[in-house]
Structures are given as C-alpha cells and as structure tokens.
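Down below is the structure, laid out as structure tokens.
What you are looking at is a predicted structure, and each value in this text was computed from that prediction instead of being measured. Every chain is numbered from 1, with letters handed out A, B, ... down the list of sequences.
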Number of protein chains: 2
Amino acid sequence: MAKPRVTLKDVASKVGVHSSTVSRVLNPATKDMVTEEIANKILSTVAEMGYRPNTFAQSLKTNRSYTVGVMVPDLTNPSFALIIKGIDNMLEAHGYSIIVANTYNLEEKQKSTLEKFRERHVDGLIIATAKRKEELIDDCIREGTPFVQAVRASENINVCSVISDELIGGNMVISHLAHLGHKEIAYIAGPQFISTGFARYQGFLQGMMNAGLDIDQELTVFCDTFSEEEGRNAASKLLALDKKITAVYVGNDIMALGVYDELEARGIKCGIDISIVGFDDMPFADKFNPPLTTVHTPMVNIGTEAARILIDKINDNNIPARTIKLKPDLIVRNSTGPVR
Amino acid sequence: MAKPRVTLKDVASKVGVHSSTVSRVLNPATKDMVTEEIANKILSTVAEMGYRPNTFAQSLKTNRSYTVGVMVPDLTNPSFALIIKGIDNMLEAHGYSIIVANTYNLEEKQKSTLEKFRERHVDGLIIATAKRKEELIDDCIREGTPFVQAVRASENINVCSVISDELIGGNMVISHLAHLGHKEIAYIAGPQFISTGFARYQGFLQGMMNAGLDIDQELTVFCDTFSEEEGRNAASKLLALDKKITAVYVGNDIMALGVYDELEARGIKCGIDISIVGFDDMPFADKFNPPLTTVHTPMVNIGTEAARILIDKINDNNIPARTIKLKPDLIVRNSTGPVR
DNA sequence: ATAATTTATGCAATCGTTTGCATAATATTC
DNA sequence: GAATATTATGCAAACGATTGCATAAATTAT
C-alpha cells in the first residue's frame, strides 16, 4: 500500500543491532536466544515504528502462506455459509485466513479453482465439493497437498473427512414417519454421484427396512441436482403416479422447497394431506410454510472439526486417515403429521 | 507443498536461455521483447515441466498480492452471501482472490480484521460493515488503502460507495401501503448509527410525507441491532400501544421475521389483520409464512459494482469519489393486504 | 563494406525475511 | 589467571521473481 514500509533493517538500525537479532526476537521460537534487555528494546521500537513483517518475504523463505483454500458448491446456500463459519472460527484462531471459492458444481470450475489455490500456495484445502469418484482428490494425494473433505466425501477411505451420519438421519426420519402411521413413503434422492445424495438414499433404504416397511421402487425419484426445480419436478412425477403416498422424504431442504411449490400449485396441504421431511435444517427452515421437519446436520461443527484436522495435516500430512461422522438430529416441525 | 518446485532457472536452463528471458516471455507486457521462436520454446517447456511462478517471490518484487479483503457483518445472513457472489465473480475474472472476514458487528473484530488484511497486504478492501461514523474509513484514507464501501456507507462523501437507494425504497413501500388504504403505519427502524438503518428511516419519513400521511412518532421503534429478536421486541412494543396500527414497515427482513414471530404468538394474521413489509428481499423471503412483501435490493449487482470500482482504485487510487445508488424494487407478496 | 541504429538477451541488484555458521562476548572450571 | 565451555550476536547466503542497464547481435543506412 501507499505508506513507505518499515523493514527489519530499519528497526535494527534504530536499536543498534543486526536485523537477524530483530528477527529472532519477533519469532517466539527464537526469542530466548536474545537477552531480555535487547529484546525489550527491540519490541518497543517495533511498536513505536509500526513495523509490520512483509509476509511475502516470510513466505518466500518459509514456504508457508498461512492461508487455506475452501471449496464450496455455492455460498448462497446458507448451509455452506454455516460450514464456512465453523471453518473460519477455527482457522482464524490459528493465524490462518481462508480463501473461499464457489465451484457451482462445475467440473471445470473446480479444476481452475484448485489451480488458483496452488498458485497461491495455500497451506491446505477444505473440499466441500467432492463427488464420490473425485479425480481432484487423487490429484491432491499425488501432489502431497494437505486437505480434508467436509460434508461430502469421495469414496477414497485413505483420506480425512468430516461428514454427517446420513444413515442415522435416514433412520430417524423413517422412524418418525412410521410412528405417525406412514407406510407409503416416497423418497426424492439427490444426485447419486455425490456422497450425500447416495448416503441419504442408503439411509432411506435402511430406515424402511428397520421399520419393517415395504419399499416400492416406483416411489423413489432420482434428481440430477440438489435444486428447488429438481425437487419440484420429482414431486410432480410422484404425484402423477396413481399410487397412494402419505409422506415424502426429500434428500435436502432446497429440494423440499420445490416439493412445497408443487403441493401448493396442486392445492395439497403440506403436513395435513401429506407429510414432507427435508435434510440439513438449513437456516430459515423453521420460517417456511409450513415450518419444515428436517434432519439437522451440525454444519458449524463439521466446519470446525474439518479445520482442526486440516491444521494437524498441515503440520504432519501423515496423520492417520479418518472419517468423522457427526450425529444429526431430527427436528420435527409442522410439515409432518399423522396419516389421515 | 510437498513436490519439489520447478523454478524459472530450471526452465531457463532447459531451454538454454537466461531466467530473465523466461520471465519476460511469461509477462504479457514484455513478451514482445523476445523472439517468437524462443518464446514458443519457453512456453512449451514451461508447460512440459509444469512450471508455476512462486507468487511470494512475485509479490515481494511487485508489492502486489492480487487478493482483496472483504469485510461483512455475518456471512450466514444470506444477503451478504449474495454480495460476496457479485464481488467474487468480478474480482476472480480479473485474477484476484477474495479473503472474507466476518466482523459480527464488533468493533474490536473489525479492527483486528483490518490489521490481518494489512499483514497480508491485500491490494484493496471492500467494506460492507461501515458505520456512519467509521474510524476505519479515516484510517484507510490516511494509509492510502484502496477501498470501496458496499451496502452500508460512512458519512464521508470523499470515498466510493455502492448502495441501494433507500429513499426510493421507502417511498415505494409507503406508496404501496397507502394504495392499500393504510394510514396508521408503524416503522421498525434498524440501528441509526448504520447508514441503512438511518437512510431507511429517512425513506419512511419521506414516503409518509409524500403520501400526505401523518407521522405518529410513537409508531416508530428504534432497534439496536438488525436481528430477529430486536424485531420481535419492537413488534411487542408497538402492539402494546393502545393505538390502531394497520401496517408495519420494517427496516430489514431479518427483523421482519421477528415481527412475524410476535404476530403468530398473539394470533394476529399477517397480511390480513395487519400488513408487514420488510427490506432486502433476502433469499427465501418468498418462502416465509406468509411470503414477505419487501424491497428487493440488488445485492449481487452491488457486489459486482463495488468490485469493479475497487479494481479501478487499485490501479489508480485517485479516481473521483462517487456514491452509486442502485434502484431497488418493491416485491409485493402476501404479507400486505388492504385495510380491514 | 562500414557505420549507425535498433532489437534481443544476459547480468546482477533488488525486494525483506530467515537461519546456519562463524565469531565475539560472557560465564564456568581448573 | 588461563583454559574451556556456553551464550549472544553478526554475517551473508538463500528463497525466486522482476527489471534497469549493459552488452551482444541483428538490421538499416550510407
């Protein structure tokens, strides 16, 4: 910026020592190598002159940027903003800044983002965009890039991931619906090439089996994207079937909003004529009409935990691989009710 | 990261030229100083060897980081995520990365954020957190830091700002309500030390005057924060008055949600018994119960425009100051209806 | 063909910090 | 007091890129 910079040399000259001594005082790891008298003199001169290290020079020498690249599909989905919050709170406390990039679920965008992060020499990555088969993950392993997967995970089990336990979530949903008397339960699945889409479907299957309910394959619709539009299309398909459906479990809240749209267009009362359950408990889900029954995934905690692990990986990229599954909670609101 | 880096010297050695020649070929501004034959040979070797410039070294020499610091109050408010989207799309296209920081409307956090951005030598700032009297702005001017204010602005007119035209917004709201027959219109104001809080109140006053409606000062409540809780408290105060109120204009959508909460608790039908208008048209406002009538502020465009101006300021910090006020739109939904 | 001019490329200083090693200063041991 | 050991500090190389200036090479003018 515009002001002439104060360098280590300027401070050293003022105190009458060498710049390496100033450098040593400013580094907690080497501060004890300098006598206290000189150290104090240096510290007060540093404050007085407003000396601020040149981080470019530091990074050139240490090869560390103290930045972390975070890839999310789309920051305007409030759920991802919560993850970022968790990540930021943890990383900031450890002296890192995060550079956030939206990939909009586009392969090319993801690649160019990774390239940009590489150019910037981020110390590590948090990847919230992994597909089940994810080349980018293999690439990072090959390059020795420290990273952690958050929310979504590739199928590579030799990496670190922090996710929500989607199977528990699915079981909770089906158990809740079964207790309300529902048997004809439809499922709107997210994309199966994404782990959340896939695992939530498995949770649906497992929940149905555990509740002793029959699964009618016709009552499952697979969506290509986690979007309101796809959710609405799926609801349209289900309602066009000449089958009794008393409840719909939807693989995420955004798609559930699409289901709401279709129900409203058809004059079907949500929570009364039919029950709807979402997944994520995105912010404002309690403000929808009706307030959405959904599985609360602890997004902030996922972010925090992912950041914690990443710091460990940056310090030692050989820590053991792990998948941390945080327990979700079912939040019952007005979109579910007893079978009529 | 872990892989041994390819340097300019490695490429130069392989091609049989000096590293300064390689550097010149890679810089579009100096590429013409090298013969095409050598340039092509260098470019193919660069690609073949996977050379990637060390941005620390570049930045140390050029004193440019190609990062921009963006300060927002809280990224989990989806409106700010929209601004970030606009900012990111524009800056990314010009080779910048953005470092986002949440200040949570805390003075100390804002200060430490500015300090952190300074340490990182961001090339400029976008400040979405400015108070009307904002020391941080004076500080940036003094230091010669390029910055642009977005959404919220300080009262310093010698700086660049991109905001929504809150007066037009207020006039639209009151005109809409007047056409519905409302005369006893209450106003829930955001914090007056924040420009949006202040200007939206001015818009309310101006709109009432222009509609020829009397202003009852008792029907205005001032909130300390733009929060759901404060909105609810304000609604509680208004409804405790022994006065007829047929409509409430609320200074932002989050506070309007608090008003919704209070109405629901009192069994008052929103849009029927009383009309509510918000401000911002935050994402999902159309999903609330009832869908919220609100002023749509073009957040993405504000972000985009702020970023565009910032790029100009980074290139020449002496460009003329300006305040760009983008026109908002009234979005009428079900929270407003004719006077009963 | 020679001289003058223009273009292309190499050299090395610079940016500001860190840190291994050498030297100086201080403390301890005999 | 002299010899030895320890601590404190300075020196300068290194990190990798950019770029002004000098020099070499190529082109143009006479």
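- Side chain of B:T21 to main chain of B:V17: no donor-acceptor pair is present (N/O by atom type, distance under 3.5 Å, no hydrogens or angles).
- With rounding to whole Å, A:L26 atom CG is found 12 Å from C:dT18 atom C1'.
- One atom, CZ of B:R120, and another, P of C:dT17, lie 16 Å apart when rounded to the nearest Å.
- Between A:T35 and D:dA8 there is no side-chain N or O to OP1 or OP2 distance below 4.0 Å.
- Phosphate proximity of C:dT18 to A:S23: present, with a side-chain N or O under 4.0 Å from OP1 or OP2.
- Set against D:dT9, D:dA17, C:dG16, the side chain of A:N54 has C:dG16 as its closest nucleotide.
- The nearest whole Å value for the distance from the CZ atom in A:F56 to the C1' atom in D:dA17 is 13 Å.
- In this structure, A:S19 and B:A57 both approach DNA chain C, and ranking their closest nucleotides by distance from the 5' end singles out B:A57.
- At least one donor-acceptor pair under 3.5 Å links the side chain of A:H121 to the backbone N or O of A:E119.
- The 5' end of DNA chain C is approached more closely, in terms of each residue's nearest nucleotide, by A:V22 than by the other of A:M33 and A:V22.
- At D:dA17, none of the side-chain N or O atoms of B:N27 fall inside 4.0 Å of OP1 or OP2 (strictly under the cut-off).
- Under 4.0 angstrom from either OP1 or OP2 of D:dC11 there lies at least one side-chain N or O belonging to A:H18.
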Item to check | Steps toward side-chain hydrogen bond (donor to acceptor under 3.5 Å, both in side chains) verdict (A:S154, A:N156) | outcome: CA-CA 5 Å; A:S154 70; A:N156 190 327; 5.5 Å; no
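- In this structure, A:L75 and A:V100 have side chains that are in contact, with non-hydrogen atoms separated by less than 4.5 Å.
- Regarding B:H121, its NE2 atom lies at a distance of 15 Å from the P atom of C:dC15, rounded to whole Å.
- The NZ atom of B:K133 lies 10.5 Å from the CG atom of B:D138; values are rounded to the nearest 0.5 Å.
- A donor and an acceptor atom sit less than 3.5 Å apart, one in the side chain of B:R24 and one in the base of C:dG10.
- Between A:T21 and the phosphate of D:dG10, there is a side-chain N or O to OP1/OP2 separation shorter than 4.0 Å.
- Side-chain proximity of B:S20 to the nucleotides C:dT18, D:dG16, C:dG10 is greatest for C:dG10.
- For the pair B:K9 NZ and C:dT9 P, the interatomic distance rounds to 20 Å; values are reported in whole Å.
- Considering only side-chain N and O atoms, B:Q58 lies nowhere under 4.0 angstrom from the phosphate OP1 or OP2 of D:dG16.
- We find that CD of B:E37 is positioned 13 Å from C1' of C:dA8, with the value rounded to whole Å.
- Taking atom CG on B:L60 and atom C1' on C:dT17, their separation rounds to 8 Å, with Å as the unit.
- Within the 4.0 angstrom heavy-atom criterion, only backbone atoms of the sugar-phosphate kind lie near B:D32; the bases stay farther away.
- Atom CD1 of A:I38 and atom C1' of D:dG10 are 11 Å apart (whole Å).
- For the residue pair B:R120 / A:S97, a side-chain donor-acceptor distance below 3.5 Å is found, with atom types taken as modelled.
- Side-chain atoms of A:K61 and base atoms of C:dT17 include no donor and acceptor less than 3.5 Å apart.
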